[in-house]
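Working notes, beginning with the structure itself.
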Amino acid sequence: MYRIGREELDAISDVLLSGKVFRYGIGDACQRFEERYGKYLGVKHVMMTSSGTTALTAALIGERIGPGDEVLVPACTYIATAIAVVAAGAIPVIVDVDASLTLDPDAVEAAIGPRTRAMIPVHMWGMVCDMDRLMEIARRRKLLVIEDACQCVGGGYKGRKVGAIGDAGAFSFNYYKNMTAGEGGACVTNNDAAVPRMGCMVDCCKFYWTSREQDESLFISNGSRASEIEGAVLNVQLKRIDPMIRTMRRQKLRILKETADTGLVPLTANSLEFECGTHVGFLMPTIEQANEFQRLTGCTIAGKTGRHVYTEWDPIFAHSGAPHPALNPFKLKENADCRMTYTKDMCAKSLDILNRSLLFGTHPDRKRADVTKLIRTLRTTAKAVLG
Ligand SMILES: Cc1ncc(COP(=O)(O)O)c(C=O)c1O
């Protein structure tokens, strides 16, 4: 979904030619991006990382989630969401999504058990979760909310930027995301108390480069420090994001408007005016009709992407939580009372929705005539498939 080119190349070459390729005390690209992205999101602390997965893990550990805790994750998300929970030492509990393809608030409420400490709402395919309801449940049931905004960089919910609504949030800047440095990520929070642990996960020996007295080296971690090259690219990407999202959102609104009389039922939108608009989705009455629509148009069926459906999360199903059994959260005595039985049909409602959900991507560089062509295809295919 990204645009990338000459400006990024110039920014990278500025970093390389300056020789200032390390972030602490030498270069300023990462520092600058963290400050700018914090302002953009309306959040106090931003820490760049090497990936969205490490950003999620750092966000969870910053909030002191770990062994003994269950974390609710949606049945539809990239496997990294569940993996980050296990990497923090906790156990993921898989919960149904609704027709927005994001966490179903009713299912969340029903899934809360004595060990549940947190939920991870995942804003999927540029669409956003029902944050009002999820935050209300979280506050009432005393759960933490860690937003996975990896697929919704630049997106918002009712005027606020996603990732900055819960207790902490995580973003990915990998190749498939709205802003990219090839790889990269960031975790964010307004919680001052989470910062030392979060920072320790991101760079466990940052204290050598900042202040040894103030910086807490709390524990051993692998670290996932961002490079100045990532910082340089993202500083350019941040300038591009809003106009790109406005264009995609406009395309999506036009497609929805001009197919409104076809019988096609759009996926539930929780904040159509603020989401990213990267995908337009429709819910077919039956799986057979979804398959036929896919055959005729080449669109994506949400349930058939492989990696985004819980049934495909092999290491989670196998309880392969670490490279050595002694480090495996699924085997820890602290987690003995956590729910960790995973079955392929445990979220049958989600599978039904996902296998009936059609996704069409928008693109910032798509010409008006191409959008017109897509609308025409949707109209004729709807007539053929829905009658
Ligand atoms: C929803 C979601 N969460 C987490 C991640 C992990 O991000 P990364 O690949 O940067 O580790 C991704 C990446 O595709 C994702 O889509």
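Side chains included, hydrogens not; waters and symmetry mates left out as well; all remaining heavy atoms used. Start at 1 and go down the list; that is how both ligands and their atoms are numbered. Treat the numbers as computed from the prediction; the structure is a model and nothing was measured.
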| request: Give the residue and atom name of whichever protein heavy atom lies nearest to atom 9 (O) of ligand 1, and the separation in Å to one decimal. | output: Asn174 ND2, 3.0 Å
| said: Within ligand 1, which atoms have a heavy atom of Val122 less than 4.0 Å away? | reply: 1 (C)
| query | Does ligand 1 have an atom that lies less than 4.0 angstrom from a heavy atom of His308? | reply | no
| task | Flag the pair Glu288 and Arg356 as a salt bridge only when some basic side-chain nitrogen lies within less than 4.0 angstrom of an acidic carboxylate oxygen. | result | no
| message | If the cut-off is 4.0 Å to any non-hydrogen atom of Thr81, which atoms of ligand 1 fall inside it? | response | 3 (N)
| remark: min-distance protein heavy atom vs atom 3 (N) of ligand 1 -> Asp148 OD2, 2.7 Å
| message | Heavy atom to atom 15 (C) of ligand 1, shortest distance: which of Phe171, Tyr175, Phe173, Tyr78 holds it? | response | Tyr78
| Can you list the ligand 1 atoms lying under 4.0 Å from a non-hydrogen atom of Ala80? | 4 (C), 5 (C), 6 (C)
| message | Within the 4.0 Å heavy-atom shell around Ser51, which atoms of ligand 1 are there? | response | 10 (O), 11 (O)
| query | With no hydrogens and no angle check, do the side chains of Thr381 and Arg295 hold a donor and an acceptor under 3.5 Å apart? | reply | no
| remark: for atom 8 (P) of ligand 1, nearest protein heavy atom and its distance come out as Gly52 N, 3.5 Å
| query | Who's closest to atom 14 (O) of ligand 1 heavy-atom-wise, of Gln151, Lys177, Met124? | reply | Lys177
| said: We want to know whether Thr372 and Arg254 form a side-chain donor-acceptor pair, criterion being a heavy-atom distance below 3.5 angstrom. | reply: yes
| task | For ligand 1, note which part of Cys150 has a heavy atom under 4.0 Å away: side chain, backbone, both or neither. | result | side chain
| note | Here the atoms of ligand 1 under 4.0 Å from any heavy atom belonging to Thr77 are 1 (C)
| Arg379 with Asp261: basic N within carboxylate O range, under 4.0 Å | yes
| atom 6 (C) of ligand 1: nearest protein contact (heavy atom, Å) | Thr53 OG1, 3.4 Å
| query | Going by atom types only, do Asp148 and Tyr78 share a side-chain donor-acceptor pair under 3.5 Å? | reply | no
| message | Regarding Lys239 and Glu7, does a basic nitrogen lie under 4.0 Å from an acidic carboxylate oxygen? | response | yes
| request: Using the six-membered ring of Tyr40, assess whether NZ or CZ of Lys161 lies under 6.0 Å from its centre and within 45 degrees of the ring axis. | output: yes
| query | Is Glu230 salt-bridged to Arg23, going by a charged N under 4.0 Å from an acidic O? | reply | no
| Using 4.0 Å as the upper bound for N to carboxylate O, is an ion pair formed by Lys349 and Asp106? | no
| task | Give the atoms of ligand 1, by number and element, whose distance to some non-hydrogen atom of Ser172 is under 4.0 Å. | result | 7 (O), 8 (P), 10 (O)
